[in-house]
Peer 1: 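Take a look at the following structure, please.
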Amino acid sequence: MGLGQLSAAPLPRSFFDRPSHEVAPDLLGRVLVHGPVAVRLTEVEAYGGPGEDPAAHTYRGRTPRNAVMFGPPGHLYVYFTYGMHFCANLVCLPEGHGSAVLVRAGEIVAGLDEARTRRTPTGGRGRRVPDRDLARGPARLAVALGLLREHNGLDAIWEGAPAALDPLTGHSGRFGHGPEHATWLTGLPHGSAAVLEGRPADPGTIQSGPRTGVSTAKETPWRFWIDGDPTVSPYRAHVPRRRSSAATSVGETPSS
DNA sequence: ATGCAGATAATCT
DNA sequence: GATTATCTGCATG
């Protein structure tokens, strides 16, 4: 796969102005950029709006936490979960709808060194994370891209892009990991995000199935991935966590 | 390769 | 007080 052949032209906001389950498969092969790191998306999940998708954060309506999902399309909804992880979504449909696509996994196509550093445990000593695992899973992907609480609501549409486009190629830069590609994305303002055209996945290679780790709407096949891609995360069904022994109910019999 | 337990806190009931 | 759109390390086949 030639890294330099991915289109760096940004996707317009209208791309996200559709139902999330239609946007999701079209997102495969696209490139999400934040600062120096870019990820080619290989696995995503669609989440619907209030009252229509029991697995969605917006199912019971608008709250302070999910407010961004009700905002305009093309913005990042970044949420905190399990007491330690951030996950990122791209908001779909016009203001007021409350749906989004969770970005679950991908391949690092720029800023590899930075991604490795971010995914290395404190101190830098110890185990080394294989490159294919750098963004293999939604929380890992968020770490690799440097997405945190403060990036919730960040616009991922590169509005000022036309001025930065290469007149010959129509692209805004080149992908690559080496020093010669240090300015691979000329003109993208520091600290901002964008979704680039990349190379859309061949429809024949797209698979779909139930979403990972959800406890409701288990049959809705709104997880989409590129078949056979090594960066796709392993599927895990939802496992109800057993209550800690201190919190077991009064009627419970101690084992053995 | 697969499976389980623990971590850890915001959000919701 | 329970649940969670998860990850990691350590266990076992």
Side-chain angles (χ1 to χ4, degrees), chain A residues 20-21 23-24 27 32 41-70 76-92 98-106 115-116 118-130 132-145 147-153 208-225 230-252 255:
Chain A
S20 57
H21 63 273
V23 172
L27 229 25
L32 176 58
L41 300 176
T42 58
E43 180 190 356
V44 298
E45 279 176 4
Y47 287 88
E52 68 181 26
D53 181 9
H57 287 173
T58 53
Y59 183 54
R60 289 171 178 83
R62 182 177 180 140
T63 68
R65 177 213 203 185
N66 65 27
V68 169
M69 271 183 78
F70 288 91
L76 287 170
Y77 165 54
V78 181
Y79 69 90
F80 183 68
T81 191
Y82 287 100
M84 64 197 90
H85 298 303
F86 292 98
C87 299
N89 298 251
L90 289 159
V91 175
C92 298
S99 65
V101 175
L102 172 70
V103 286
R104 287 196 55 89
R116 284 175 178 151
R118 287 172 174 164
R119 291 274 291 120
T120 300
T122 49
R125 285 286 165 191
R127 82 178 202 296
R128 174 185 138 257
V129 175
R132 79 170 44 170
D133 289 345
L134 288 174
R136 193 179 187 215
R140 293 164 164 185
L141 187 153
V143 169
L145 278 179
L147 293 174
L148 301 166
R149 193 186 309 276
E150 67 198 276
H151 301 108
N152 186 36
S208 68
R211 293 169 290 185
T212 299
V214 299
S215 58
T216 56
K218 291 187 167 70
E219 305 309 310
T220 306
W222 281 2
R223 174 180 183 240
F224 302 89
W225 68 95
T231 65
V232 172
S233 74
Y235 174 78
R236 303 185 210 285
H238 175 76
V239 283
R241 301 294 9 240
R242 213 171 117 162
R243 290 181 283 275
S244 69
S245 56
T248 48
S249 62
V250 278
E252 203 143 319
S255 62

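In what follows, every chain begins at residue 1, and chains take the letters A, B, ... in the order their sequences are listed.
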Peer 1: Check the orientation of A:W222 and A:H21. Use parallel for under 30°, tilted for 30 to 60°, and perpendicular for over 60°.
Peer 2: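 Parallel, since the angle between the ring planes stays under 30°.
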
Peer 1: With a cut-off of 6.0 Å (strictly less than), are more than 12 heavy atoms of other residues, nucleotides or ligands near CD of A:E150?
Peer 2: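 Counting other residues, nucleotides and ligands, CD of A:E150 exceeds 12 neighbours.
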
Peer 1: Side chain of A:L102 only, heavy atoms from C-beta on: which candidate in C:dT8, B:dT13, C:dA5 is closest?
Peer 2: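 So the nucleotide nearest the side chain must be C:dA5.
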
Peer 1: Report the distance from atom CG of A:D133 to atom P of B:dA1, rounded to the nearest whole Å.
Peer 2: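 Atom-to-atom, A:D133 to B:dA1, this comes out as 11 Å.
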
Peer 1: With centres under 5.5 Å and planes under 30°, do A:F80 and B:dA10 count as stacked?
Peer 2: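 No; by the centre-distance and plane-angle rule, A:F80 does not count as stacking on B:dA10.
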
Peer 1: To the nearest angstrom, how far is A:R236 atom CZ from C:dT4 atom P?
Peer 2: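 After rounding, the reported distance stands at 17 Å.
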
Peer 1: Rounded to the nearest Å, what distance is computed from the CZ atom of residue A:R241 to the C1' atom of nucleotide C:dC7?
Peer 2: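 Checked: the CZ to C1' distance equals 12 Å.
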
Peer 1: For B:dA10, does the base pair up with any side-chain atom of A:Y79 as donor and acceptor (N or O, under 3.5 Å, distance only)?
Peer 2: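 By the distance-only test, no, there is no pair.
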
Peer 1: When all nucleic acid strands are considered with a 4.0 Å heavy-atom cut-off, which category describes A:R223: base, sugar-phosphate, or nothing?
Peer 2: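 Touches nothing.
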
Peer 1: What is the distance from CZ of A:R104 to C1' of C:dC7, rounded to the nearest Å?
Peer 2: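 From A:R104 CZ to C:dC7 C1': 12 Å.
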
Peer 1: Measuring from atom OG1 of A:T231 to atom CZ of A:R140, what distance do you get when rounded to the nearest 0.5 angstrom?
Peer 2: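 Rounded to the nearest 0.5 Å, the OG1-CZ separation comes out at 11.0 Å.
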
Peer 1: Is the closest side-chain heavy-atom distance between A:R223 and A:V232 below 4.5 Å?
Peer 2: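 Yes, close enough: below the 4.5 Å cut-off.
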
Peer 1: Applying side-chain contact (heavy atoms from CB on, under 4.5 Å) between A:Y77 and each of A:N66, A:T58, A:L90, A:V101, report the one that passes.
Peer 2: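 Testing A:Y77 for a side-chain contact (heavy atoms from CB on, under 4.5 Å) against A:N66, A:T58, A:L90, A:V101 leaves exactly one candidate, A:N66.
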
Peer 1: Does a side-chain N or O of A:T63 approach OP1 or OP2 of B:dC12 to a distance below 4.0 Å, or not?
Peer 2: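 Checking A:T63 against B:dC12: at least one side-chain N or O falls below 4.0 Å of OP1 or OP2.
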
Peer 1: Take the protein atom CG of A:L134 and the nucleotide atom C1' of C:dC7, then report the distance between them rounded to whole Å.
Peer 2: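 In whole Å, C:dC7 C1' lies 14 Å from A:L134 CG.
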
Peer 1: Just compare B:dA7, C:dC7, B:dT13 and give me whichever is closest to any side-chain atom of A:M84.
Peer 2: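 Of the options given, the side chain of A:M84 lies nearest B:dA7.
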
Peer 1: Scan A:A139 against the nucleic acid and name what it touches under 4.0 Å (heavy atoms): base, sugar-phosphate only, or nothing.
Peer 2: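 The residue A:A139 makes sugar-phosphate contact but no base contact.
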
Peer 1: B:dA10 P sits how many Å from A:L148 CG, rounded?
Peer 2: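 Result: 15 Å.
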
Peer 1: I want to check something: taking the side chain as every heavy atom from C-beta on, are A:T212 and A:R236 in contact at a cut-off of under 4.5 Å?
Peer 2: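 Of all side-chain heavy-atom pairs linking A:R236 with A:T212, at least one is under 4.5 Å.
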
Peer 1: From C:dC7, C:dT8, C:dA5, pick the nucleotide closest to the side chain of A:H85?
Peer 2: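 Comparing C:dC7, C:dT8, C:dA5 against the side chain of A:H85, the answer is C:dC7.
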
Peer 1: For DNA chain C, just give me the dot-bracket, please: Watson-Crick or G-U, both distances below 3.5 Å, ( ) intra-strand, [ ] crossing earlier pairs, | paired with another strand, . unpaired.
Peer 2: ||||.|||||||.

Peer 1: Could you state the CG-P distance from A:N66 to C:dA5, rounded to the nearest angstrom?
Peer 2: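 After rounding, the gap between these two atoms is 12 Å.
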
Peer 1: Main chain of A:W225, side chain of A:R104: is a donor-acceptor contact present, judged purely on distance under 3.5 Å?
Peer 2: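 It does not hold such a pair.
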
Peer 1: Within the 4.0 Å heavy-atom criterion, would you say A:H238 contacts the bases, only the backbone, or no part of the nucleic acid?
Peer 2: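 Counting heavy atoms under 4.0 Å across all strands, the contact made by A:H238 is with sugar-phosphate only.
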
Peer 1: Nearest to the A:N89 side chain among B:dA7, C:dT8, C:dA5, which nucleotide is it?
Peer 2: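 Of all the options, the side chain of A:N89 is nearest to C:dA5.
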
Peer 1: May I have the distance from A:F86 (atom CZ) to B:dA10 (atom P), rounded to whole angstrom?
Peer 2: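 Spelled out: CZ on A:F86 to P on B:dA10 is 10 Å.
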
Peer 1: Does A:S215 put a side-chain nitrogen or oxygen below 4.0 Å from OP1 or OP2 of C:dT4?
Peer 2: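 Answer is yes, contact under 4.0 Å.
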
Peer 1: With centres under 5.5 Å and planes under 30° as the test, does A:Y82 stack with B:dT8?
Peer 2: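 According to the criterion (under 5.5 Å, under 30°), no, A:Y82 does not stack.
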
Peer 1: Quick one: which of C:dA5, C:dC7, B:dA7 gets closest to the side chain of A:M69?
Peer 2: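 Nearest to the side chain of A:M69 among the choices is C:dA5.
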
Peer 1: If you assign A:V129 and A:T216 each to the DNA chain C nucleotide with the nearest heavy atom, which residue ends up on the more 5' nucleotide?
Peer 2: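 Here A:T216 is the residue nearer the 5' end.
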
Peer 1: May I ask you to decide if A:S233's main-chain N or O and A:E43's side chain share a donor-acceptor pair within less than 3.5 Å?
Peer 2: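 Answer holds: yes.
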
Peer 1: Looking at the side chain of A:H57, which of C:dA5, C:dC7, B:dG6 is the nearest nucleotide?
Peer 2: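 Nearest to the side chain of A:H57 among the choices is C:dA5.
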
Peer 1: On the nucleotide C:dT6, are OP1 or OP2 found under 4.0 Å from the side-chain N or O atoms that A:R211 carries?
Peer 2: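 So the side-chain polar atoms of A:R211 never come under 4.0 Å of the phosphate oxygens OP1 or OP2 of C:dT6.
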
Peer 1: Consider side-chain contact (heavy atoms from CB on, under 4.5 Å). Of A:L76, A:L147, A:V78, which one does A:N152 pass it with?
Peer 2: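 Among A:L76, A:L147, A:V78, the one that satisfies the side-chain contact (heavy atoms from CB on, under 4.5 Å) with A:N152 is A:V78.
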
